2 protein chains.
Amino acid sequence: MLKYSGQTRILVAVDCVIFGFDGENYKLLLIQRGFAPEKKRWSLMGGFLQPEERLEEAANRILKQLTGLENVYMEQLHVFSDPQRDPVERTVAVTYFALIDIQKYEKQLSKEFHAEWFPVKEMPELIFDHEKMVETAKHRLRYKAALHPVLFELLPDKFTLPQLQALYEGLYDTTFDKRNFSRKLLSTGLLVKQTDKDKESSKKGAFYFKVNKQKYEDDFQAILNLIPKPDKLSNSAVILN
Amino acid sequence: MLKYSGQTRILVAVDCVIFGFDGENYKLLLIQRGFAPEKKRWSLMGGFLQPEERLEEAANRILKQLTGLENVYMEQLHVFSDPQRDPVERTVAVTYFALIDIQKYEKQLSKEFHAEWFPVKEMPELIFDHEKMVETAKHRLRYKAALHPVLFELLPDKFTLPQLQALYEGLYDTTFDKRNFSRKLLSTGLLVKQTDKDKESSKKGAFYFKVNKQKYEDDFQAILNLIPKPDKLSNSAVILN
DNA sequence: ACAAAAGTGTTACACGTACACCCATGG
DNA sequence: CCATGGGTGTACGTGTAACACTTTTGT
């Protein structure tokens with residue numbers, strides 16, 4: 001099976017940056033390595049690409065191992081290839097980022113992999129170049145979410161407008177005017193108002209919405225203006241950092 | 001050096017989708033393979049990732065081999081990993097796309113690699129999954145150029161507004177109103193009007209412009225509305241296909 | 001003088017932003 | 001009855017699209 005002679009074969013790893021949102025904060029699912037090197041240090045969930053496997057399959061396999069979930073929103077992010085990035089052996093790492101509804105997370109935390117959700121803002125140090133991977137993923141998510149309705153992937157099937165707004169505000173670390181926010185989001189036609197309310201977080205209760213799945217799929221690639229622009233300069237600033 | 005035991009090492013290829021623009025049409029730089037398998041068939045320029053090399057270095061090395069150019073705009077595109085994609089041996093292919101000023105292309109065509117520029121619309125059949133790579137690159141370029149001033153990379157230092165408009169029109173296969181186009185592009189502050197004119201393509205002559213390099217670098221990541229939106233639906237359509 | 005391409009200005013509309021008050025409910 | 005969070009409407013300004021005529025000059 002080795003037919004291109006004189007070439008070096010290299011390990012190909014797949015690492016997953018898994019985002020969740022608990023209603024207040026963005027979270028990352030990390031695992032603590034139980035073996036050397038770097039034992040006890042935190043890292044992204046990853047694994048090696050297998051001989052008969054495509055990268056997406058590997059990423060899904062890893063995600064399922066860790067979360068029990070399938071059919072999750074996932075996107076190829078970037079390949080990290082510094083020859084020294086893994087001190088054990090030259091490894092090229094293909095990163096994926098995934099958005100999951102944290103409530104659907106099925107496995108017992110820490111059971112098989114010593115996994116834990118960390119607030120993105122209070123992450124431990126990670127091994128190798130995994131922090132750079134996380135930075136890249138955060139950046140990509142901010143970019144993507146400004147233009148496409150991707151953040152719904154982080155919410156349960158039923159959610160309220162205040163929840164949705166908290167989700168967007170958390171990502172850009174800012175606050176939006178709720179009147180404009182609701183008008184803009186409703187005007188996309190992506191939201192279907194339900195008749196029942198969430199009474200957990202307020203006395204009055206907030207109406208639930210669901211995503212119009214058909215329109216979500218049809219419009220996903222459309223460029224939507226999902227975050228406000230107070231003025232030109234701060235707009236650029238918000239999207240990019 | 002093999003320390004992760006039980007894992008399969010895989011060939012990592014780098015393939016470059018190289019775009020140029022000749023004033024009328026988008027072009028792709030392709031090479032004709034001089035050896036089996038797939039001898040005489042056209043393909044993207046590529047090569048294997050070397051042991052001590054990062055992917056970007058490999059991509060630049062390959063680009064320099066084929067074009068003689070360095071410091072070219074290049075972007076990691078996507079990794080293709082179908083186990084059957086290369087019938088010779090399992091190979092994971094990391095694609096890059098590059099934008100070059102076709103006038104700066106230095107090598108004699110066909111000299112070393114039997115290379116040729118093909119209009120994007122009249123490409124020959126390509127080997128393996130290279131046509132899929134080209135499709136992905138075209139899609140990404142359309143997306144990117146709608147939001148960021150990336151197309152300047154395809155033009156010489158001095159260019160005219162009509163040339164610039166032809167560049168945008170070619171990419172989206174449509175026509176724009178020249179009054180709105182010039183107003184919009186000038187309003188970005190990215191263009192510096194020169195005092196001399198291009199007299200080649202008209203009797204009256206068209207003023208040359210140069211890119212304001214400082215502002216280009218500062219604003220590159222800003223989200224600019226570089227292509228018109230006749231209405232919501234057709235906007236989405238234009239950007240995405 | 002005429003053909004061919006470059007260059008420019010105005011108007012109408014849509015969209016986005018700023019902003020303040022009322023509503024419903026549980027305690 | 002009051003405190004808390006949910007929900008809504010308007011007015012203004014900005015940005016974008018539609019649209020037609022004049023300028024320049026080579027032949």
Side-chain angles (χ1 to χ4, degrees), chain A residues 23-24 146-147 158-169 172 174-189 191-209 222-239, chain B residues 23-24 146-147 158-169 172 174-189 191-209 222-239:
Chain A
E24 301 218 325
L147 301 167
K158 279 164 55 172
F159 53 86
T160 67
L161 281 179
Q163 282 167 16
L164 190 56
Q165 184 167 348
L167 186 66
Y168 276 85
E169 290 181 342
Y172 299 103
T174 181
T175 57
F176 302 142
D177 181 278
K178 65 179 172 179
R179 291 160 289 192
N180 293 337
F181 182 83
S182 82
R183 186 163 351 96
K184 182 176 286 190
L185 269 287
L186 291 173
S187 78
T188 62
L191 300 181
V192 183
K193 192 173 190 169
Q194 305 301 112
T195 52
D196 52 338
K197 284 184 165 185
D198 164 38
K199 309 279 289 185
E200 301 286 309
S201 54
S202 80
K203 296 161 181 175
K204 182 176 180 180
F207 279 106
Y208 283 117
F209 288 82
I223 304 273
L224 308 169
N225 286 323
L226 296 172
I227 70 164
K229 323 182 186 183
D231 61 68
K232 290 227 151 186
L233 288 180
S234 54
N235 173 34
S236 317
V238 165
I239 294 181
Chain B
E24 301 217 325
L147 302 167
K158 280 164 56 172
F159 52 87
T160 67
L161 281 179
Q163 282 167 14
L164 190 58
Q165 182 166 353
L167 187 66
Y168 276 86
E169 290 181 343
Y172 299 103
T174 180
T175 57
F176 301 141
D177 181 279
K178 65 179 173 178
R179 291 160 291 191
N180 294 336
F181 182 82
S182 81
R183 187 170 343 98
K184 181 174 286 189
L185 269 287
L186 291 173
S187 78
T188 62
L191 301 182
V192 183
K193 191 172 189 171
Q194 306 300 112
T195 51
D196 52 337
K197 283 183 163 186
D198 164 40
K199 309 279 290 184
E200 302 286 309
S201 54
S202 80
K203 294 161 183 172
K204 184 176 179 181
F207 279 105
Y208 282 117
F209 287 81
I223 304 274
L224 307 169
N225 286 324
L226 295 172
I227 69 163
K229 325 181 186 182
D231 61 71
K232 290 222 153 192
L233 288 180
S234 56
N235 174 34
S236 317
V238 164
I239 294 181

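Nothing here was measured: the structure is a model prediction, and the numbers come from that model. Every chain is numbered from 1 and lettered A, B, ... according to where its sequence line falls, protein lines coming before strand lines.
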Visitor: Return the value, rounded to whole Å, for the distance between atom NZ of B:K178 and atom P of C:dA5.
Guide: 10 Å
Visitor: Check the orientation of B:Y172 and B:Y168. Use parallel for under 30°, tilted for 30 to 60°, and perpendicular for over 60°.
Guide: parallel
Visitor: Provide, to the nearest angstrom, the distance between the CG atom belonging to B:L185 and the P atom belonging to D:dT16.
Guide: 12 Å
Visitor: Whole angstrom is fine here: how far is it from CZ in A:R179 over to P in C:dC15?
Guide: 20 Å
Visitor: Look up atom CD in A:Q163 and atom NZ in A:K158, then write down how far apart they are to the nearest 0.5 Å.
Guide: 11.0 Å
Visitor: Quick check on C:dG16: is either OP1 or OP2 less than 4.0 Å from any side-chain nitrogen or oxygen of A:N225?
Guide: yes
Visitor: To the nearest angstrom, how far is B:D177 atom CG from C:dG9 atom P?
Guide: 14 Å
Visitor: Just checking B:S201: base, sugar-phosphate only, or nothing, at a heavy-atom cut-off of under 4.0 Å?
Guide: sugar-phosphate
Visitor: Working to the nearest 0.5 angstrom, can you tell me the gap between B:L191 CG and B:K193 NZ?
Guide: 11.0 Å
Visitor: Is the closest side-chain heavy-atom distance between B:F181 and B:L164 below 4.5 Å?
Guide: yes
Visitor: Base, sugar-phosphate alone, or nothing: which one does A:K199 contact when heavy atoms must sit under 4.0 Å apart?
Guide: sugar-phosphate
Visitor: Find the distance A:L186:CG to C:dC15:P and express it as a whole number of Å.
Guide: 15 Å
Visitor: Relative to the 5' end of DNA chain C, which residue comes earlier, B:N180 or B:S202, by the nucleotide with the nearest heavy atom?
Guide: B:S202
Visitor: Please state how far atom CD in A:E169 lies from atom P in D:dG5, giving the value in whole angstrom units.
Guide: 14 Å
Visitor: Roughly how many Å is it from NZ in A:K184 to P in D:dT8, rounded to a whole number?
Guide: 18 Å
Visitor: Both A:K204 and B:K203 contact DNA chain D. Which one's nearest nucleotide lies toward the 5' end?
Guide: A:K204
Visitor: For A:R183 and D:dA11, what is the distance between atoms CZ and C1' respectively, to the nearest whole Å?
Guide: 11 Å
